[in-house]
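A quick write-up on the structure given underneath.
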Amino acid sequence: MTDLNDIVSAASTAFAQANTPADLENAKALFLGKSGRMTELMKGMVALSVEEKKSRGAAINVAKQSIEAALTHRRQALADAELQLQLQAEALDVTLPGRQRGAGGLHPVSLTLERIEAIFGSMGFDVAQGPEIETDWFNFTALNTPEDHPARSMHDTFYVEGGTDKAPLLLRTHTSPMQIRYAVQHVKKYRAAAGDASEGLFAGDMPEIRVIAPGRTYRVDSDATHSPMFHQCEGLWVGENVSFKDLKFVFTDFCRTFFESDDLVLRFRPSFFPFTEPSAEIDIQFASGPLAGRWLEVAGSGQVHPNVIRNMGLDPEKYIGFAFGMGPDRLTMLRYGVNDLRLFFDGDIRFLSQFQ
Ligand code: DAH
């Protein structure tokens, strides 16, 4: 029977040396396979007597069981090792710090726009939004801007496809077209309410127009203080008795509230815009701080030109008012002491997170 013991121990050794399931199955074939050593032994029994077959068969079976047990044991050991490897590979280090999300916040220019809306809102101004792709009519013609005005040239303005020769389309160069859009709707509404079906200029009664229109504007311009996309906020107040003194009062009040500075002073410097007459640039001066003593331009303004009042559908003999257009990007730079406009549009989190 030593041959059987030898085979069992040879099988155990072979199984122990098999380091993968595939090697183990190959080793198994050597002993238990069709032409494996145990099968060969069985075949060898043919020549034996019945008595010998009995005892030899029993011994072979015992040996076979030992080999199968060794095989099962090794299979389990290999499967366990495999599982351990997998667990190690997929292990989570629960002591690692979590990934920080950080709190988001509003862009500094958005903070300024919110502030502008809140301040003018408290003075009874409505807030209106309008299209960024404008028609030549609303952007220029209705605003009394002549055909040969430089702003209309290709060098200054982004024209876009989809318009016609007579009615070109462009990215609005300012928020002023909203004066016309808003006023036309307003007049239409109150003309209907007054039962006035005529098409002429409206001289009936209506509530005053008091609106601001913040938004994005576009010009072919790019340096430290100009960006091809920038923000503007338009203001318009039209009524029966709205004069330049109201403009001065409203804008002074706005600037002092916006910059939280009661000793801030304003200068209305004579200027020219086609849609206002008279027109003025508005400069401000801080009494203290790093910018103290310098005049800083913040807006264009003026009394709305009679032609523009007409294009709103109103009779300029009855309705007058003022308008202004300011630059929220500029106001943001002044408020926070930022000296390069491009920082607002670079999307650098290190810069932006300082405003949260
Ligand atoms: N639209 C002018 C610009 O972009 C700014 C402006 C000036 C707006 C005078 C006005 C105004 O409403 O009255 O330069």
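Note that ligands are numbered from 1 as they come in the structure, with each ligand's atoms numbered from 1 the same way.
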* **NZ/NE/NH1/NH2 to OD/OE distance under 4.0 Å, Arg75 and Glu25** =>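 Glu25 and Arg75: salt-bridged.
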
* Asked: Of the backbone atoms (N, CA, C, O) and the side-chain heavy atoms from C-beta on, which set of Glu277 has a member under 4.0 Å from an atom of ligand 1: side chain, backbone, both, or neither?
  ->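 It is neither part, as no heavy atom is under 4.0 Å.
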
* To do: Indicate, as side chain, backbone, both or neither, the part of Phe322 found under 4.0 angstrom from ligand 1 when only non-hydrogen atoms are considered.
  =>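 Neither part.
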
* Asked: Among all protein non-hydrogen atoms, which one is nearest to atom 8 (C) of ligand 1, and what is the separation to 0.1 Å?
  ->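 Nearest protein contact, heavy atoms only, for atom 8 (C) of ligand 1 is Gly325 N, 3.3 Å.
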
* Identify the protein heavy atom lying closest to atom 2 (C) of ligand 1, giving its residue, its atom name and the separation to 0.1 Å. =>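 Protein heavy atom with the smallest distance to atom 2 (C) of ligand 1: Phe275 CZ, 3.8 Å.
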
Subset of ligand 1 atoms that lie under 4.0 Å from at least one heavy atom of [X]:
| X | result |
| --- | --- |
| Thr276 | 13 (O) |
| Gly302 | 13 (O) |
| Ser176 | 1 (N), 8 (C) |
| Gln179 | 12 (O) |
| Glu234 | 8 (C), 10 (C), 12 (O) |
| Gln232 | 3 (C), 4 (O) |
| Arg219 | 3 (C), 4 (O), 14 (O) |

Is the shortest side-chain heavy-atom distance between [X] and [Y] below 4.5 Å?
| X | Y | value |
| --- | --- | --- |
| His174 | Phe273 | no |
| Thr157 | Phe140 | yes |
| Arg115 | Arg335 | yes |

* Side chain Arg210, main chain Met123, donor-acceptor under 3.5 Å ->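 Pair found, side chain donor or acceptor close to backbone of Met123.
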
Is there a polar contact, in the sense of an N or O pair closer than 3.5 Å, between [X] and ligand 1?
| X | answer |
| --- | --- |
| His174 | yes |
| Ala323 | yes |
| Phe324 | yes |

* Asked: In Å and rounded to the nearest 0.5 Å, what is the OG1 to CG distance from Thr173 to Asp156?
  ->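 Thr173 atom OG1 to Asp156 atom CG measures 9.0 Å (nearest 0.5 Å).
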
* Passing candidate, salt bridge (charged side-chain N to carboxylate O under 4.0 Å, His left out) with Asp283, options Arg330, Arg269, Arg294 ->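 So, applying the salt bridge (charged side-chain N to carboxylate O under 4.0 Å, His left out) to Asp283 and each of Arg330, Arg269, Arg294, only Arg269 qualifies.
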
* Any chance the rings of Phe324 and Phe120 have centres within less than 6.0 Å? ->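 Yes.
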
* Do the two ring centres, one from His231 and one from Phe344, sit under 6.0 Å apart? ->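 Distance test on ring centres: not under 6.0 Å, no.
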
